[in-house]
Amino acid sequence: MTTKNSPYAVNVYDLIRQPGTMREQQISIPVTEKLGESLLSVPEGETIDLDLRLESMHEGILITAEGQTTAAGVCGRCLIDIEQPVQVDFQELFAYPSEEAFDHEVHDDHVDLEPLIRDTVVLSLPFQPVCRPDCPGLDPETGERLADVPDHEPTEIIDPRWSALTNYSALAAQASDTDEPRPNTVRPNTEKR
């Protein structure tokens, strides 16, 4: 449970047990600890800008939110630093305290948005972020970023198990260039009968 002084706590004192009342509010919440653990995350110190709509209902306070922030990390293909905008939205009913257990409840005169914001932001982050959709990645031999070397020609690596056939293909190419018949081949019969 978050305290009233937490940046994720939103005061709803004016809406408690007054069904039909509504308030819209814009808030900026500083991220107190990193959100996300993969290649892309929202770093500590970044802000999340939220447009909130708080509606009082018989069962509790319905909160609808749209938010945006910026995530930072690395491209999953070429490993350069990237930043991407993150857009999130959620809607949740914060129930008044009762004998029934609810996932989200009104605490005294405030609601705690931290679990919702954390879950929504983390689940909206891409699993394999890329710097651009057609990012070519890294050269597997040199480790160079392929986007920095546009005329890069990949070297053909021949499996050592097939290396003996490279001589055969060279001989076959030479033989097709000459008109001489290859050994063990049958000449077509071109004589008239």
(message) Given 3.5 Å as the limit, does a donor-acceptor pair link the side chain of Gln84 with the main chain of Val130, or not?
(response) yes
(message) Can a donor-acceptor pair be found, under 3.5 Å and without considering hydrogens, that links the side chain of Ser56 to the backbone of Gln18?
(response) yes
(request) Go through Leu39 and Gln128 one step at a time and tell me if the side chain to side chain contact (heavy atoms under 4.5 Å, CB included) criterion holds. (result) CA-CA 7 Å; Leu39 295 175; Gln128 287 288 354; 3.7 Å; yes
(request) Please report the shortest heavy-atom distance between Leu52 and Ala65, naming the atom on each side. (result) CD2-CB, 3.5 Å
(request) Any chance you could lay out the side chain to side chain contact (heavy atoms under 4.5 Å, CB included) test for Arg23 and Val10, step after step, and finish with the verdict? (result) CA-CA 12 Å; Arg23 180 178 82 219; Val10 176; 4.1 Å; yes
(request) Measure across Lys34 and Arg118 and return the closest heavy-atom pair with its distance rounded to 0.1 Å. (result) O-NH1, 3.8 Å
(message) Could you measure the distance from the CZ atom of Arg77 to the CG atom of Asp134? Nearest 0.5 Å is fine.
(response) 8.0 Å
(request) Mind running side chain to side chain contact (heavy atoms under 4.5 Å, CB included) on Glu92 and Ile63 for me, showing each step along the way? (result) CA-CA 5 Å; Glu92 188 66 44; Ile63 297 186; 5.6 Å; no
(request) Search all heavy atoms of Val42 against all heavy atoms of Thr70 and return the closest pair with its distance. (result) CG1-O, 3.9 Å
(request) Please identify each residue that fulfils salt bridge (Lys or Arg N to Asp or Glu O under 4.0 Å) with Asp51, with sequence neighbours left out. (result) none
(request) May I ask you to decide if Pro136's main-chain N or O and Arg145's side chain share a donor-acceptor pair within less than 3.5 Å? (result) no
(message) To check you understand the geometry: which heavy-atom pair defines the closest contact between Pro126 and Ser38, and what is its length?
(response) O-OG, 4.4 Å
(request) Quick one: pull up CD1 in Ile61 and CG in Leu93 and give me the separation to the nearest 0.5 Å. (result) 8.5 Å
(message) Quick check for you: to the nearest 0.5 Å, what is the distance between Glu66 atom CD and Gln91 atom CD?
(response) 10.5 Å
(request) Would you give the length of the straight line joining atom OG1 of Thr32 to atom CD of Glu46, rounded to the nearest 0.5 angstrom? (result) 13.0 Å
(request) State, to 0.1 Å, how close Ala72 and Pro43 come at their nearest heavy-atom pair, and which atoms those are. (result) N-CD, 4.2 Å
(message) Quick check: closest heavy atoms across Tyr8 and Ile29, and the distance to 0.1 Å?
(response) CE2-CG2, 3.7 Å
(message) Measuring from atom CG of Leu125 to atom OG of Ser41, what distance do you get when rounded to the nearest 0.5 angstrom?
(response) 7.5 Å
(message) Taking the side chain as everything from C-beta on, heavy atoms only, tell me whether Leu50 gets closer than 4.5 Å to Ile117.
(response) yes
(message) For residues Leu40 and Leu35: do they belong to one hydrophobic cluster (side chain heavy atoms under 4.5 Å, members Ile, Leu, Val, Met, Phe, Trp, Tyr)?
(response) no
(request) Assess whether side chain to side chain contact (heavy atoms under 4.5 Å, CB included) is satisfied between Phe94 and Leu113, documenting all intermediate values. (result) CA-CA 10 Å; Phe94 285 79; Leu113 298 180; 3.9 Å; yes
(request) To the nearest 0.5 Å, tell me how far Leu62 CG sits from Arg53 CZ. (result) 9.0 Å
(message) Side-chain heavy atoms nearer than 4.5 Å, only ILVMFWY residues, links allowed to pass through others: does that put Tyr96 and Val12 together?
(response) yes
(message) If hydrophobic clusters are built by linking Ile, Leu, Val, Met, Phe, Trp and Tyr wherever their side-chain heavy atoms come under 4.5 Å apart, do Ile48 and Phe90 end up in the same one?
(response) yes
(message) For residues Val86 and Ile82: do they belong to one hydrophobic cluster (side chain heavy atoms under 4.5 Å, members Ile, Leu, Val, Met, Phe, Trp, Tyr)?
(response) no
(request) Give a yes or no on whether Ile16 and Met22 share a hydrophobic cluster (residues Ile, Leu, Val, Met, Phe, Trp, Tyr; joining criterion: side-chain heavy atoms under 4.5 Å apart). (result) no
(request) Please confirm whether the backbone N or O of Thr47 pairs with a side-chain atom of Thr69, one donor and one acceptor, at under 3.5 Å? (result) yes
